Novice: 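Input: one structure, supplied below.
Chain letters run A, B, ... following the sequence lines, proteins first and then strands; every chain starts at 1. None of the values given here were measured: they were computed from a predicted structure.
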Protein chains: 2
Amino acid sequence: MTETTTGRRERKKARTRQALADAAVRLFTERGFDNVGVREVAEAADVSLSTLFKHFPSKEALVFDLDADIESALMAAVRDRAPGQSVLHALRDHMVHTRTAVRTDDPTFVLVESTPALRDYARRMWSRHEKTLADTLAEATDLAPDDPAVTGLARFALEAPSIARASDDPARAMRDLFTLLEHGWATTALARQQDRPGREG
Amino acid sequence: MTETTTGRRERKKARTRQALADAAVRLFTERGFDNVGVREVAEAADVSLSTLFKHFPSKEALVFDLDADIESALMAAVRDRAPGQSVLHALRDHMVHTRTAVRTDDPTFVLVESTPALRDYARRMWSRHEKTLADTLAEATDLAPDDPAVTGLARFALEAPSIARASDDPARAMRDLFTLLEHGWATTALARQQDRPGREG
DNA sequence: ATAGAAAATCGGAGCGGTTGTACTTTTGCA
DNA sequence: TGCAAAAGTACAACCGCTCCGATTTTCTAT
């Protein structure tokens with residue numbers, strides 16, 4: 001996935017980045033997100049404050065060390081779906097599988113869920129993929145990228161996890177939500193089963 | 001709507017509040033949201049910085065001087081809907097009527113639409129009504145307030161305007177979106193036409 | 001009228017996230 | 001070996017926002 005261009009430089013860079021992320025999650029978990037300053041995180045990772053912000057654009061970003069791969073996986077799920085499967089169905093499966101696991105063991109996950117500022121940030125991060133997803137959906141169905149059916153589905157699908165997680169049974173809630181969306185979008189090309197996007201007329 | 005309790009005190013308070021809001025919109029429009037500091041706004045309204053933050057919780061809030069009435073109007077639209085009309089239908093009508101007007105003459109509207117920080121803030125403001133709306137919907141249909149069908153509809157209905165506005169024909173996009181939602185939620189109590197919530201079994 | 005409570009305002013210090021600038025060190029490569 | 005790019009450093013400053021003690025203005029009850 002990620003470019004593994006050789007080089008000691010890149011390795012060291014990755015190391016300090018990791019040191020920052022680790023220190024951040026540890027300190028935030030120990031004493032709470034709001035009770036730890038960025039200067040303190042930099043200190044704990046033994047780098048300067050300037051360096052911290054060269055690696056992460058904001059305090060919140062220290063906790064989300066992934067991002068890029070997530071988006072590409074999402075798009076791939078739609079593009080490389082099983083033959084004959086609708087884009088909506090593929091989207092549903094991917095979202096259910098990747099975003100309903102309740103990993104109470106993952107400290108980062110717990111930290112995010114228990115910190116409103118981080119929950120909001122996570123939601124906004126997902127929303128950033130909205131346009132890319134809409135484009136992918138449009139491309140896969142020959143609909144216009146600004147068709148409300150397309151942009152609406154992109155938005156709602158990305159919002160679904162944040163709704164489902166508020167439920168006692170997130171996986172079930174997620175499926176229910178997508179069932180509703182499927183019924184609504186049933187008459188659109190998004191829900192129609194179809195062969196892989198024809199590369200010939 | 002708003003309590004008009006007599007008194008010179010309340011009048012003066014409202015006056016300074018208005019002075020702040022006016023100065024803010026004027027300065028922001030003239031020179032851009034990011035190029036005007038809160039201290040400057042306070043200065044222009046001839047009040048102290050402390051006073052500014054006693055009236056508004058944040059810089060962004062200076063631009064949104066309404067809020068409370070909006071929420072009650074939204075809930076009222078659902079609760080006091082025409083007899084026999086479904087909650088979803090009532091919700092749709094209200095959202096379409098109040099949120100699709102493109103007021104290119106309203107400076108506040110233009111300001112908000114052209115400033116990402118303010119667009120985000122506006123979206124979050126609407127999201128804050130999500131729980132209240134979900135409760136109202138649940139009450140009107142005898143569904144559980146945490147039913148995904150309820151919370152999902154509340155979220156999506158409130159998000160719809162922000163999607164529709166990205167289109168060239170917002171009003172049309174808004175109606176299209178609600179049509180999709182109506183199809184999806186058709187099998188739920190939210191879309192079923194019904195008499196006013198029976199106060200008797 | 002007047003005292004005293006309550007509310008609004010003030011001034012200013014200060015915190016925490018973020019940015020900018022100029023400088024040093026490390027690393028890759030010719 | 002030498003030079004350019006990249007990574008890291010140090011430090012000051014900005015900005016949104018909060019806190020606090022003091023002061024003024026308005027309301028209310030006697």
Novice: Could you tell me which residues satisfy side-chain hydrogen bond (donor to acceptor under 3.5 Å, both in side chains) with B/Thr132, sequence neighbours excluded, listed by chain and number?
Specialist: B/Glu71

Novice: Starting at CZ of B/Arg15 and ending at C1' of C/dA8, how long is that distance when rounded to a whole Å?
Specialist: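 Atom CZ in B/Arg15 sits about 13 Å away from atom C1' in C/dA8.
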
Novice: Among residues 110-117 of chain B, which residues get a heavy atom nearer than 4.0 Å to DNA chain C?
Specialist: none

Novice: Expressed in angstrom and rounded to an integer, what is the separation of B/Leu62 atom CG from D/dG16 atom P?
Specialist: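 The answer, rounded to whole Å, is 10 Å.
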
Novice: Does any pair with a residue in residues 10-67 of chain A pass ring-ring contact (aromatic ring centres under 6.0 Å, His included), and if so which ones, sequence neighbours excluded?
Specialist: A/Phe28-A/Phe33, A/Phe64-A/Tyr121

Novice: Okay, side chain of A/Trp185, backbone of A/Ala149: is any donor-acceptor separation there less than 3.5 Å?
Specialist: yes

Novice: Can you measure B/Leu20 atom CG to C/dC10 atom C1' for me and round it to whole angstrom units?
Specialist: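 Atom-to-atom, B/Leu20 to C/dC10, this comes out as 14 Å.
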
Novice: Taking atom CZ as the centre, does B/Arg119 end up with more than 12 heavy-atom neighbours from other residues, nucleotides or ligands that are less than 6.0 angstrom away?
Specialist: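 Result for CZ/B/Arg119: enclosed.
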
Novice: Got a sec, which residues hit side-chain contact (heavy atoms from CB on, under 4.5 Å) with A/Ala76, two or more places apart in sequence or on another chain?
Specialist: A/Asp80

Novice: Start with the C-alpha gap between B/Arg39 and B/Glu43, add the side-chain angles, then the distance that decides, and say whether salt bridge (charged side-chain N to carboxylate O under 4.0 Å, His left out) holds.
Specialist: CA-CA 6 Å; B/Arg39 281 151 176 107; B/Glu43 201 64 30; over 6 Å; no

Novice: Taking only nitrogen or oxygen atoms into account, show me every contact under 3.5 Å that the protein makes with nucleotides 24-26 of chain D, one pair per line with its distance.
Specialist:
unit_1: D/dT26; atom_1: OP1; unit_2: B/Lys12; atom_2: NZ; d: 2.4
unit_1: D/dT26; atom_1: O3'; unit_2: B/Arg9; atom_2: N; d: 3.4
unit_1: D/dT26; atom_1: O2; unit_2: B/Arg9; atom_2: NH2; d: 2.9

Novice: Over how many whole Å does the gap from B/Glu43 atom CD to C/dT9 atom P extend?
Specialist: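 For the pair B/Glu43 CD and C/dT9 P, the rounded distance is 16 Å.
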
Novice: I'd like to check the side-chain hydrogen bond (donor to acceptor under 3.5 Å, both in side chains) partners of A/Ser162; sequence neighbours left out, ordered by chain and number.
Specialist: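 Listed in chain order: B/Arg155.
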
Novice: For B/Arg11 and for B/Lys59, find the nucleotide of DNA chain D with the closest heavy atom, then tell me which residue's nucleotide is more 5'.
Specialist: B/Lys59

Novice: How many angstroms lie between atom OG1 of B/Thr51 and atom NZ of B/Lys54, to the nearest 0.5 angstrom?
Specialist: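 Answer rounded to 0.5 Å: 6.5 Å.
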
Novice: Please list all pairs meeting salt bridge (charged side-chain N to carboxylate O under 4.0 Å, His left out) that have one or both residues in residues 83-101 of chain A, counting only residues at least two apart or in different chains.
Specialist: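 Qualifying pairs, neighbours excluded: A/Arg92-A/Glu182.
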
Novice: Any side-chain N or O of B/Ser48 below 4.0 angstrom from OP1/OP2 of C/dC10?
Specialist: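 Affirmative; the distance criterion is met.
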
Novice: I'd like to check the salt bridge (charged side-chain N to carboxylate O under 4.0 Å, His left out) partners of A/Arg123; sequence neighbours left out, ordered by chain and number.
Specialist: A/Glu159, B/Glu159

Novice: Nearest to the side chain of A/Lys13, heavy atoms from C-beta on, is which of D/dA7, D/dC17, C/dT18?
Specialist: D/dA7

Novice: Which sits closer to the 5' end of DNA chain D, B/Ser58 or A/Thr51, going by the nucleotide each is nearest to?
Specialist: A/Thr51

Novice: Would the number of heavy atoms belonging to other residues, nucleotides or ligands and lying under 6.0 Å from CG of B/Asp46 be above 12?
Specialist: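 Not more than 12 within 6.0 Å, no.
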
Novice: So which heavy atom on A/Leu177 is nearest to which on A/Ala164, and how close?
Specialist: CD1-N, 4.5 Å

Novice: In residues 24-40 of chain A, which ones come under 4.0 Å of DNA chain D, going by heavy atoms?
Specialist: A/Arg39

Novice: Examine D/dA7: is either OP1 or OP2 under 4.0 Å from a nitrogen or oxygen in the side chain of A/His55? Give yes or no.
Specialist: no

Novice: Detail all sub-3.5 Å separations between protein N/O atoms and N/O atoms belonging to nucleotides 19-23 of chain C.
Specialist:
none

Novice: For the pair A/Thr100 (side chain) and A/His97 (backbone), establish whether a donor and an acceptor sit closer than 3.5 Å, ignoring hydrogens and angles.
Specialist: no

Novice: If an axis is fit to five pairs at each end of the helix from C/dA1-D/dT30 to C/dA30-D/dT1, what is the angle between the two, to the nearest 10°?
Specialist: 10°

Novice: More than 12 non-hydrogen atoms from neighbouring residues, nucleotides or ligands closer than 6.0 Å to CZ on A/Arg124, yes or no?
Specialist: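 Yes - once you tally the heavy atoms of other residues, nucleotides and ligands closer than 6.0 Å, there are more than 12.
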
Novice: Taking A/Thr115 for the side chain and A/Val112 for the main chain, is one N or O donor matched with an acceptor at less than 3.5 Å?
Specialist: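 Such a contact is absent between A/Thr115 side chain and A/Val112 backbone.
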
Novice: What pairs with B/Asp169 under side-chain hydrogen bond (donor to acceptor under 3.5 Å, both in side chains), at least two apart in sequence or on another chain?
Specialist: none

